[in-house]
Protein chains: 2
Amino acid sequence: MKSDTTPNSFVPGAVELPAEMQTAIARRGDAMGPAYRLSYARPVAFVRGQGVWLYDRDGNGYLDFYNNVVSLGHCHPRVVEAMHRQAALLCTNTRYLHDSVIQYSERLTRLFPAEMSQVMFCCSGSEANDLAFRIARHHTGGEGIIVTEHAYHGTTHVASGMSPNLGVSVPLNPNVRTVQAPADCMNISGREQVGRIFARDVQNAAADLRRQGIRPAALIVDTLFSSDGVFPDPSGFLAEAVDAIRAAGGLFIADEVQPGFARTGDAMWGFERHGVVPDIATLGKPMGNGYPMAGLVVRPDVVESFGKGARYFNTFAGNSVAAENGLAVLDVIRDEALLENSATVGAYLKSVLTDIADDRIASVRGAGLFVGVEMRVPGGDAGESRDLALGIVNALRDRRVLISTTGKYETVLKIRPPLVTTSVHVDRFMEAFAAVLKETG
Amino acid sequence: MKSDTTPNSFVPGAVELPAEMQTAIARRGDAMGPAYRLSYARPVAFVRGQGVWLYDRDGNGYLDFYNNVVSLGHCHPRVVEAMHRQAALLCTNTRYLHDSVIQYSERLTRLFPAEMSQVMFCCSGSEANDLAFRIARHHTGGEGIIVTEHAYHGTTHVASGMSPNLGVSVPLNPNVRTVQAPADCMNISGREQVGRIFARDVQNAAADLRRQGIRPAALIVDTLFSSDGVFPDPSGFLAEAVDAIRAAGGLFIADEVQPGFARTGDAMWGFERHGVVPDIATLGKPMGNGYPMAGLVVRPDVVESFGKGARYFNTFAGNSVAAENGLAVLDVIRDEALLENSATVGAYLKSVLTDIADDRIASVRGAGLFVGVEMRVPGGDAGESRDLALGIVNALRDRRVLISTTGKYETVLKIRPPLVTTSVHVDRFMEAFAAVLKETG
């Protein structure tokens, strides 16, 4: 198993493709270079999207159980309309006063614990994590960062350098240490043990940093451990690690780029299920339902000194169109009761998956509409289990259902549909999934 | 003079403001924290924009001679329409095949020298410069970066760490060396001398890096030296420095975030006036006329090894809406002949500014619709000259004309109107400028 190849991606020459698709892929490679990957053994091409559906140009509908950027469904009319209205009126930056960004900042921060009352805007989750690092570094005087061993936090030098998920071709930065995700201790029952082991690992990593003269700046985790394999439970297990990093002089940064904005069903933010209050929470993907926007929410005392000295300006971030977009997203989450829907439909999805009697399903984990199904070839190794998971993902794709894989060995099916998914869509998904399980070895 | 304060920005309590504006500023500070700055001693607030005009809520029009993001004019209808059409149809990422991003990549790269044939997409100029660093580091095996002494290249840890413009509160990273901008040798006549001195400084900086065990990775410059004070001439002076960094084993990265997309009037990209072909050119601000998009264009051999090993995915960047936006921007530049307009109207602007007989104007420099007017208090120091420049900027703002300052001591008026500016707008600007010069000092 090569850990540096991209999971679930097209490999040129591996499968026969229609001539026209081959041409498009060749043109793309010529103009966009070698770093981009296409999903699925046989890539997909869409021309239209609506709700949980994506359509190819022959009009075939694909059930989208994977895209969490368009968390309110593809092309949600209220968001498209808000963006259009503001874009036709005025698009300016944060150096001028504009009501929309003030309103949005107030609405957004009110969704956080009272201690986290200030927001800064970015263009991407990568920028948000990068800025969180800059703030943590300034506040703590340290540089050391602790992440989980298959984490993904973005594409900038700092963010990619703390993203072991990117594989051995992207070296971790020297100030970064990894700890095992709670994944690896899930067989130990009970929140306390999981929490204690994770906290102990964080303590050890902090001590290791200090032994090498690097003061710890932060522990940063995706609060659903999305890239490590989806580990929401037992709720509360993060608390002890948060205490540990603070005791070591570092901050706790919750990467909410994937878990945030009602995804987990029980709360707006993933950290809430653990009963902790982060120093910084970073936001991204679903924040604009497709419009490029991201940011971080922070405790005022943590950003005070940084903000007074270092001015912060990010040309596009917090512009008036982004702010109106963000407001529309919050409106829709409220008006369509998407938090509740995520809880209800997510619970249904998890329960029907749990009900499947198949010894290749090692576990079903999830919170709200983010579910991981760990696949295992009985008696097989991780590579075989990974091939099983990837086979299922590609067989589903051939049945026009989109999911992908995650986890240290990419053995976990990553099921993450838009928040507007209904039980009817779940049934449709389960029908395809059952058929694929049956036909797969 | 404090070099770490933000030039031309609002200072709380320094001037009397309407109660309502005070409230808005207080709310903004509470919700957005201490790092944001507002432009002008008395901040501006707009509700609508069209062409070169911004309007406050009382309907007062402000002549916008500063904003280069909305390079085609505020709310250009063709761009707004393209964005709306695609946003209502489909917004997906580069993991799926989509024609728009392929088309846009081909259109964009064809605007570059043949050697620079591949593009990668980002969400901001900061991300583009950060990615350029990652690629240069991988390609050269070095870390060392050379920038000019008042350069600005962005907000990520890497980009802000090579942006001395941000002031002493944002430390430069240890792998960064600065060289004097060609600014400081402009009194020496002739391209060859300016070029030789700049190249010699680059050589020395590269040697200094090597003496400290840091292999040079790149020289990166804004090809108009926008933040150093606007230094376009003499054309061709960059060539020798480009040779020098390559001889030292580093790449030449042209930061085209400000000079790019027809701004300089003589060509689409600022590097072209110097007769050089960069290894990487980074793009940003005007790329989507307000829609958050950025990227870099690169020689295939420079990105080949990086791209094969390190997969690159940037959620929002290169999405189908961004691509359609970018295509519309290129269409408008072509159809409205904005390159030609930038040349013609820019030349007119420069000539009428040059014609002013005022011994406080030390020099007028510019290319296309990017002009710097260096102000100097005869017999005064840099601080007094800076106060003069800031006084003019704020007096213009009170007359509803927007510009700002730039340069090492912020003594240079930065005049950078949208590319749709006509000679009528220039005349209007000059009327206000003449009046302000008269009433100042």
Side-chain angles (χ1 to χ4, degrees), chain A residues 6 24 27-28 31-39 43-49 69 75 80 83-84 87-92 94-97 102 105-106 109 118-120 123-124 127 130 133-134 155-158 166 169-170 285 290 292 300 303-304 307-312 314-316, chain B residues 6 24 27-28 31-39 43-49 69 75 80 83-84 87-92 94-97 102 105-106 109 118-120 123-124 127 130 133-134 155-158 166 169-170 285 290 292 300 303-304 307-312 314-316:
Chain A
T6 312
R27 283 173 58 202
R28 187 178 132 111
M32 294 168 63
Y36 283 97
R37 308 287 186 268
L38 287 163
S39 288
V44 287
F46 302 114
V47 298
R48 193 164 67 80
V69 171
C75 307
V80 171
M83 174 175 67
H84 181 220
L89 203 60
L90 181 65
C91 182
T92 49
T94 54
R95 281 177 177 149
Y96 302 152
L97 276 173
I102 300 175
S105 299
E106 291 176 343
T109 52
Q118 295 184 331
V119 60
M120 293 172 76
C123 297
S124 68
E127 278 195 353
D130 195 294
F133 169 73
R134 289 184 62 202
T155 69
T156 67
H157 177 70
V158 157
L166 288 170
S169 296
V170 180
K285 297 190 191 294
V303 76
E304 187 178 8
K308 282 185 176 159
R311 72 177 190 265
Y312 178 72
N314 187 321
T315 301
F316 303 131
Chain B
T6 311
R27 283 173 57 202
R28 188 179 132 112
M32 293 167 64
Y36 284 97
R37 307 289 185 267
L38 286 164
S39 287
V44 287
F46 302 113
V47 298
R48 191 164 67 79
V69 171
C75 307
V80 172
M83 174 176 65
H84 181 219
L89 203 59
L90 182 64
C91 182
T92 49
T94 54
R95 280 176 178 152
Y96 303 152
L97 275 174
I102 300 175
S105 300
E106 292 176 341
T109 52
Q118 295 184 330
V119 60
M120 293 171 77
C123 298
S124 68
E127 277 195 354
D130 195 295
F133 169 73
R134 289 184 63 203
T155 68
T156 67
H157 176 70
V158 157
L166 288 170
S169 295
V170 180
K285 297 191 190 295
V303 75
E304 187 177 9
K308 282 186 176 159
R311 73 178 191 264
Y312 177 71
N314 185 321
T315 302
F316 303 130

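Side chains are part of it too, since the values below use all heavy atoms of this structure and drop only hydrogens, waters and symmetry mates. By convention in this document, chain letters (A, B, ...) are assigned in the order of the sequence lines, proteins followed by strands, and residues within each chain are numbered from 1.
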Can you see which heavy atom on B:Asp130 is nearest to which on A:Asp130, and at what distance?
OD2-OD2, 4.1 Å

Point-to-point distance, once rounded to the nearest 0.5 Å, from CZ of B:Arg311 to OH of A:Tyr36
14.0 Å

Taking side chain as C-beta onward, heavy atoms only, is A:Thr315 less than 4.5 Å from B:Ser124?
no

Find the one option among A:Glu304, A:Lys285, A:Arg95 whose heavy-atom pairs under 4.5 Å with chain B are most numerous.
A:Arg95

Write down the atom of B:Ala310, the atom of A:Ala35, and the distance for their closest heavy-atom approach.
O-CB, 3.9 Å

Please report the closest heavy-atom contact between A:Ala87 and B:Cys75, naming both atoms and the distance.
O-SG, 3.4 Å

Bottom line for A:Val69: the part with an atom under 4.5 Å from chain B's heavy atoms is side chain

Contact winner vs chain B - A:Pro300, A:Pro43, A:Gly49, heavy-atom pairs under 4.5 Å:
A:Gly49

Contact part of A:Thr109 toward chain B, heavy-atom cut-off under 4.5 Å: side chain, backbone, both or neither?
side chain

To the nearest 0.5 Å, what is the distance between CE on A:Met32 and CD on B:Gln118?
10.5 Å

A:Thr155 versus chain B, heavy atoms under 4.5 Å apart: side chain, backbone, both or neither?
both

Indicate the ring-plane relationship of B:His157 and A:Phe133, choosing parallel, tilted or perpendicular according to the 30° and 60° boundaries.
perpendicular

Is B:Val170 close to chain A through its backbone or its side chain, or both, or neither, when contacts mean heavy atoms under 4.5 Å?
side chain

Looking only at atom types and distance, does a side-chain atom of B:Arg37 sit under 3.5 Å from a main-chain N or O of A:Thr94, one as donor and one as acceptor?
no

What I'd like to find out is whether the side chain of B:Met83 reaches to under 4.5 Å of the side chain of A:Met83, using heavy atoms alone.
yes

I'd like to check B:Ser105 versus A:Arg28 (side-chain heavy atoms, cut-off strictly below 4.5 Å). Are they in contact?
no

One option among A:Leu89, A:Asn314, A:Val158 has the most heavy-atom pairs under 4.5 Å with chain B, and it is A:Leu89

Top of A:Cys91, A:Ala31, A:Cys123, A:Ala45 for chain B proximity - count of heavy-atom pairs under 4.5 angstrom:
A:Ala31

Okay, side chain of B:Arg48, backbone of A:Ala88: is any donor-acceptor separation there less than 3.5 Å?
no

Can you give me the closest heavy-atom contact between A:Phe46 and B:Leu90, atom names plus distance?
O-CD2, 3.3 Å

Heavy atoms, side chains only, cut-off 4.5 Å: are B:Leu97 and A:Val44 in contact?
no

Which atoms of A:Pro292 are under 4.5 Å from chain B, going by heavy atoms: the side chain, the backbone, both sets, or neither?
both

Could you tell me which residues satisfy side-chain hydrogen bond (donor to acceptor under 3.5 Å, both in side chains) with B:Ser39, sequence neighbours excluded, listed by chain and number?
none

So, the part of B:Arg134 with a heavy atom under 4.5 Å from chain A: the answer is side chain

